[in-house]
Asker: 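My questions will all concern the structure given below.
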Amino acid sequence: MADPLESDDDFLPPAPRAGGIAARAYASLASNQGYLEGLNAEQIEAVESLDGPVLVLAGAGTGKTRVLTTRIAHILATGRARPGDILSVTFTNKAAREMRHRVSNMVGEAVEGMPWLGTFHSIGAKILRRHAELADLKSDFTILDTDDQIRLIKQILQAADIDEKRWPARLFAAIMDGWKNRGLSPEDVPGGDSAGFADGKAKQLYVAYQARLKTLNAADFGDLLLENLRIFRKEPDVLARYQQRFRYMLVDEYQDTNVAQYLWLRLLAQRPTVSVEHQRANICCVGDDDQSIYGWRGAEVDNILRFEKDFPGAKVIRLERNYRSTGHILAAASHLIAHNQGRLGKTLRTEDVPGEKVTVTGAWDSEEEARTIGAEIEDWRRQGHRLSEIAILVRASFQMREFEDRFITLGLPYRVVGGPRFYERAEIRDALAYFRSVCSVTDDLAFERIVNVPKRGLGDATVQLLHDYSRAHNTSLQESARALIATEELKPKPRATIRDLIVSFDRWRAQLDHISHTELAEVVLDESGYTAMWQNERSADAAGRLENLKELVRSMEGFENMRGFLEHIALVMDTEGANDADSVYLMTLHAAKGLEFDTVYLPGWEEGLFPHQRALDEQGRSGLEEERRLAHVGLTRARKNARLFFAINRRIHGMWNSTVPSRFLDELPEAHVDVTEAASGFAEPRSRFDRAEPFTGSRYDTPGWQRAQARANGSAGRFVKTPPTIEAVAVRRSTSGARLAVGERVFHQKFGYGQVREVDGDKLTVSFDKAGEKRVVASFVDRA
DNA sequence: TCAGAATGATTTTTT
DNA sequence: ATCATTCTGA
């Protein structure tokens with residue numbers, strides 16, 4: 001077999017060719033002179049510092065993407081490298097797409113030839129496919145997504161006779177993910193790390209899982225990088241080729257890299273050559289330590305903090321000029337983030353007008369919060385503002401619900417960003433499983449998924465039989481099925497059903513090369529009865545699911561054939577659905593990174609929710625700092641208006657709890673913040689929590705901060721049971737500790753009058769005259 | 001084998 | 001409260 005490196009077009013010798021891509025790019029740029037125009041001095045420096053390692057610390061809104069794309073254009077324009085010599089990695093497909101788009105705008109068609117611009121995973125997959133045999137895989141290995149992974153783990157756990165109740169597959173998936181994120185192959189896992197799961201069996205389970213992946217000819221997301229690392233270490237020749245190939249490396253969002261990604265980059269950036277000019281890699285990492293918000297999934301802020309040590313002689317360039325937000329917003333964000341220790345330190349500044357102050361508004365409860373924000377947005381709309389310039393950024397997705405409810409009643413169009421991904425939906429995954437089963441007889445996970453979808457009467461017993469046969473004969477499930485229908489092993493009914501199914505698959509497979517893949521997709525979905533299954537389902541979302549299936553088939557059009565479609569789908573299948581309608585954005589703070597809006601609403605700034613209790617409990621100070629960075633990200637999304645909210649009462653898991661305003665509110669600079677009232681005149685006397693609003697600047701002696709401290713030091717209980725606070729005392733009025741008894745008449749601020757039905761510690765079940773039966777906290781009702 | 005009942009968990013999310 | 005998953009009985 002030919003050496004995959006040599007046999008590939010991307011690895012042509014790097015000699016410049018007249019009329020080649022680089023030359024064309026250069027010509028296009030020369031005529032389109034001045035791609036540096038409009039950049040400030042630091043940005044230009046970042047673009048032009050091509051030799052040796054460079055770290056660009058790019059604060060929010062400082063033109064980070066612009067620098068990256070211009071830098072690529074500059075490398076091409078100066079003829080330093082051809083598009084195929086540049087490695088350019090991002091985290092998300094969206095970012096990669098954006099970058100590709102912007103570079104091609106700058107350079108013309110030339111970037112069509114940038115084969116190494118992509119996500120860590122897509123590039124890892126590309127490299128792994130070239131050297132699959134070095135990882136005991138075939139080059140057409142399947143990429144398992146989380147869903148497949150979990151199902152596979154369940155099988156492994158079952159085989160190892162491990163109680164899934166006590167040791168959930170999800171937990172093991174997370175543990176293994178953690179290892180892979182840290183670049184640990186089974187043999188590297190420290191013994192101690194194994195202890196936390198299934199009585200120390202974790203490590204051997206990891207071994208079993210990896211072995212199973214190999215037999216399935218599959219890799220999970222973590223493997224895409226981990227196997228790269230193994231190959232690079234095992235085969236210095238292979239590594240050396242890539243090191244030579246990637247003359248220039250660019251990394252986006254460097255603060256989000258995990259250990260595996262870091263090691264991957266470091267290996268590729270190593271320059272073992274003796275020649276001085278080649279000793280330092282031309283690697284340019286762009287990031288912002290203040291926007292590192294993915295520590296919980298393995299990102300190592302340390303990577304960026306350590307950059308200068310890792311790459312001696314690295315040039316560090318700070319982009320501090322913010323082009324997005326007005327003065328007050330920027331000041332508030334900067335002041336807030338300054339409370340973090342362990343940062344590289346940047347001072348964002350703007351030449352923009354001061355603009356509107358950041359506002360903080362207290363609401364009685366989360367419903368009032370939603371009502372107020374809804375009303376305000378209606379105002380914006382009435383004033384002629386576009387809804388798509390408004391975003392609501394929440395800490396946790398459960399907060400979205402109330403906003404959705406409110407928007408539906410108001411008739412305000414909104415769109416949720418993030419949420420369940422298109423390809424994660426059951427109907428899409430089912431359809432894909434069908435396609436995978438057609439294309440690959442050996443894709444057991446796919447076959448198993450749809451063998452009884454729609455219901456065919458093939459239950460666990462039958463599937464188990466197939467599995468047993470597969471194990472005994474070392475065959476795939478489909479092959480086993482084929483063998484078993486020739487025997488008497490199966491009862492007549494399932495036997496006939498399986499035979500029909502196998503016949504169908506044979507028929508579809510025969511059509512693979514004869515009809516278009518989109519046609520085949522429709523045929524498969526129809527003849528399998530899958531479409532009919534949803535048509536017969538009367539539930540509300542059935543129509544939407546059918547619509548999704550159509551969308552899926554439509555999205556296949558852009559691919560050569562079914563296999564080509566499937567190969568890409570695991571890595572790059574996100575829907576940027578055409579959303580033309582002018583609508584309010586609703587998303588989590590995490591999903592908002594990298595976006596910007598004129599007006600940003602930030603509800604739920606309460607202790608326990610934001611900062612989230614769990615981040616505090618599990619990560620301590622670093623957890624708090626990450627939450628603060630999240631707050632910083634939220635604020636810096638806003639161009640003109642940032643509106644913060646907190647609610648005194650919030651329902652958590654169906655129960656009303658009192659809350660304490662977030663310590664982050666106390667950390668805002670008073671001079672840049674206005675405290676306002678909830679605008680949705682729900683007649684609650686405002687005085688009650690006026691006093692609860694201690695905006696005395698960013699000192700650490702404010703009541704709110706002390707409360708927060710007291711809480712942090714005290715009980716580990718989450719949300720509930722705050723020590724008596726000023727506003728809570730004010731709110732409680734007359735109950736003053738007296739225990740309520742069943743049958744008493746009570747009054748609740750929110751639900752009105754009612755009768756106590758049950759007492760359970762500090763929780764009451766009250767039958768309210770108007771609102772019906774509710775569980776409430778005792779301190780929130782008064783004796784009527 | 002399947003539907004309905006009980007059980008349990010519930011931050012953030014990409015690939 | 002709500003949702004998803006697992007269990008149990010027909």
Side-chain angles (χ1 to χ4, degrees), chain A residues 89-96 118-125 143-150 154 164-165 168-171 174 177 180-181 219-226 253 256-258 260-261 292-299 393-402 405 417-421 423-424 426 452 455-464 491 493-494 497 568-574 587-594 604 608-619 623 626-627 629-631 633-634 650-656 718-719 772-775:
Chain A
V89 276
T90 63
F91 276 84
T92 63
N93 290 307
K94 196 171 148 204
T119 63
F120 276 102
H121 289 88
S122 69
I123 291 171
I143 296 169
L144 300 190
D145 60 25
T146 323
D147 213 77
D148 292 326
Q149 197 190 10
I150 296 287
K154 279 186 181 159
E164 281 183 74
K165 270 287 164 42
R170 297 208 155 275
L171 176 62
D177 222 42
K180 291 187 174 184
N181 282 161
D220 62 22
F221 284 123
D223 286 342
L224 296 181
L225 279 171
L226 192 59
E253 306 279 17
D256 286 338
T257 49
N258 60 36
Q261 287 154 343
S292 160
I293 55 174
Y294 285 110
W296 51 273
R297 70 174 194 212
L393 310 182
V394 297
R395 172 66 244 265
S397 40
F398 75 83
Q399 292 173 262
M400 291 189 193
R401 218 208 145 104
E402 267 164 321
D405 287 352
V417 177
R421 308 243 159 308
Y423 59 85
E424 275 169 13
N452 198 30
K455 296 257 154 49
R456 304 190 165 89
L458 299 174
D460 291 346
T462 314
V463 173
Q464 194 52 52
K491 293 195 189 108
K493 226 166 152 188
T497 314
H568 277 101
I569 199 131
L571 286 173
V572 281
M573 179 72 193
D574 46 357
M587 65 186 102
T588 63
L589 284 159
H590 285 88
K593 192 164 83 152
L609 177 59
F610 193 31
H612 201 281
Q613 191 60 47
R614 207 143 137 186
L616 265 32
D617 290 347
E618 287 169 13
Q619 301 293 323
E626 182 153 313
E627 294 288 300
R629 290 194 291 267
L630 202 48
V633 166
R650 189 170 291 277
R651 191 163 39 183
I652 306 293
H653 310 325
M655 254 194 38
W656 287 95
R718 24 138 86 189
F719 290 152
E773 203 163 275
K774 301 277 180 199
R775 292 256 289 170

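Reminder, nothing fancy here: chain letters follow the sequence lines and each chain counts from 1. Since this is a predicted model, take the numbers as computed values, not measurements. What you see below is based on every heavy atom in this structure, not just the backbone, and it leaves out hydrogens, waters and symmetry mates.
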Asker: To the side chain of A:His121, which of B:dT12, B:dT11, B:dT15 is closest?
Answerer: B:dT15
Asker: To the nearest Å, give me how far apart CG (A:Leu171) and C1' (B:dA9) are.
Answerer: 13 Å
Asker: Give the rounded distance in Å between these two atoms: NE2 of A:His653 and C1' of C:dA4.
Answerer: 15 Å
Asker: Has A:His612 got its ring stacked on the base of B:dT11, with centres under 5.5 Å and planes less than 30° apart?
Answerer: yes
Asker: For A:Glu618, enumerate each residue passing the salt bridge (Lys or Arg N to Asp or Glu O under 4.0 Å) test, keeping only those at least two apart in sequence or located in another chain.
Answerer: A:Arg614
Asker: Rounded to the nearest Å, what distance is computed from the CD atom of residue A:Glu164 to the P atom of nucleotide B:dG8?
Answerer: 15 Å
Asker: Report the distance from atom CG of A:Leu609 to atom P of B:dT12, rounded to the nearest whole Å.
Answerer: 10 Å
Asker: Is there aromatic stacking of A:Trp296 against B:dT12, centre distance under 5.5 Å, plane angle under 30°?
Answerer: yes
Asker: Is there a side-chain polar atom (N or O) of A:Thr588 under 4.0 Å from OP1 or OP2 of B:dT13?
Answerer: yes
Asker: A:Asp256: which residues meet the side chain to side chain donor-acceptor pair (under 3.5 Å) condition with it, sequence neighbours left out?
Answerer: A:Lys593
Asker: Please state how far atom CD in A:Glu402 lies from atom P in C:dT2, giving the value in whole angstrom units.
Answerer: 11 Å
Asker: Would you tell me whether A:Asp617 and A:Gln613 have side-chain atoms, one donor and one acceptor, within less than 3.5 Å of each other?
Answerer: yes
Asker: Roughly how many Å is it from CZ in A:Arg614 to C1' in B:dT11, rounded to a whole number?
Answerer: 7 Å
Asker: Please list, pair by pair, any protein nitrogen or oxygen found under 3.5 Å from a nitrogen or oxygen in nucleotides 1-6 of chain B.
Answerer:
residue	atom	partner	partner atom	Å
B:dT1	OP1	A:Gly459	N	2.7
B:dT1	OP1	A:Thr462	OG1	3.2
B:dT1	OP2	A:Ala461	N	3.3
B:dC2	OP1	A:Gly457	N	3.4
B:dC2	OP2	A:Asn452	ND2	3.4

Asker: With the side chain of A:Arg401 defined as its heavy atoms from C-beta on, choose the nearest nucleotide among C:dT2, B:dT15, B:dT12.
Answerer: C:dT2
Asker: Between A:Ala396 and A:Ser122, which is nearer to the 5' end of DNA chain B once each is assigned its nearest nucleotide?
Answerer: A:Ala396
Asker: So, using side chain to side chain donor-acceptor pair (under 3.5 Å) as the criterion, who are the partners of A:Asn452 when residues are at least two apart?
Answerer: none
Asker: Got a sec, which residues hit side chain to side chain donor-acceptor pair (under 3.5 Å) with A:Arg650, two or more places apart in sequence or on another chain?
Answerer: A:Glu369, A:Glu606
Asker: Which sits closer to the 5' end of DNA chain B, A:Thr146 or A:Glu618, going by the nucleotide each is nearest to?
Answerer: A:Glu618
Asker: Does A:Lys154 make a side-chain N or O approach to OP1 or OP2 of C:dT6 shorter than 4.0 Å?
Answerer: yes
Asker: Could you tell me which residues satisfy ring-ring contact (aromatic ring centres under 6.0 Å, His included) with A:Phe120, sequence neighbours excluded, listed by chain and number?
Answerer: A:Phe91, A:Trp264
Asker: Mind checking side chain to side chain donor-acceptor pair (under 3.5 Å) for A:Thr119 and listing every partner two or more places apart, or none if nothing turns up?
Answerer: A:Ser122
Asker: Determine the minimum heavy-atom distance between A:His612 and A:Glu627, stating which atoms define it.
Answerer: N-OE1, 2.8 Å
Asker: Between protein and nucleotides 7-10 of chain C, what N or O pairs are separated by less than 3.5 Å?
Answerer:
residue	atom	partner	partner atom	Å
C:dC7	OP1	A:Lys165	NZ	3.2

Asker: Distance check needed: B:dT12 P versus A:Arg629 CZ, whole Å only.
Answerer: 18 Å
Asker: Not counting sequence neighbours, which residues clear salt bridge (Lys or Arg N to Asp or Glu O under 4.0 Å) with A:Asp177? List them please.
Answerer: none
Asker: Which atom names give the shortest non-hydrogen contact between A:Arg395 and A:Leu630, and what distance separates them?
Answerer: NE-CD2, 3.4 Å
Asker: What is the distance, to the nearest angstrom, from the CE atom on A:Met400 to the P atom on B:dT10?
Answerer: 18 Å
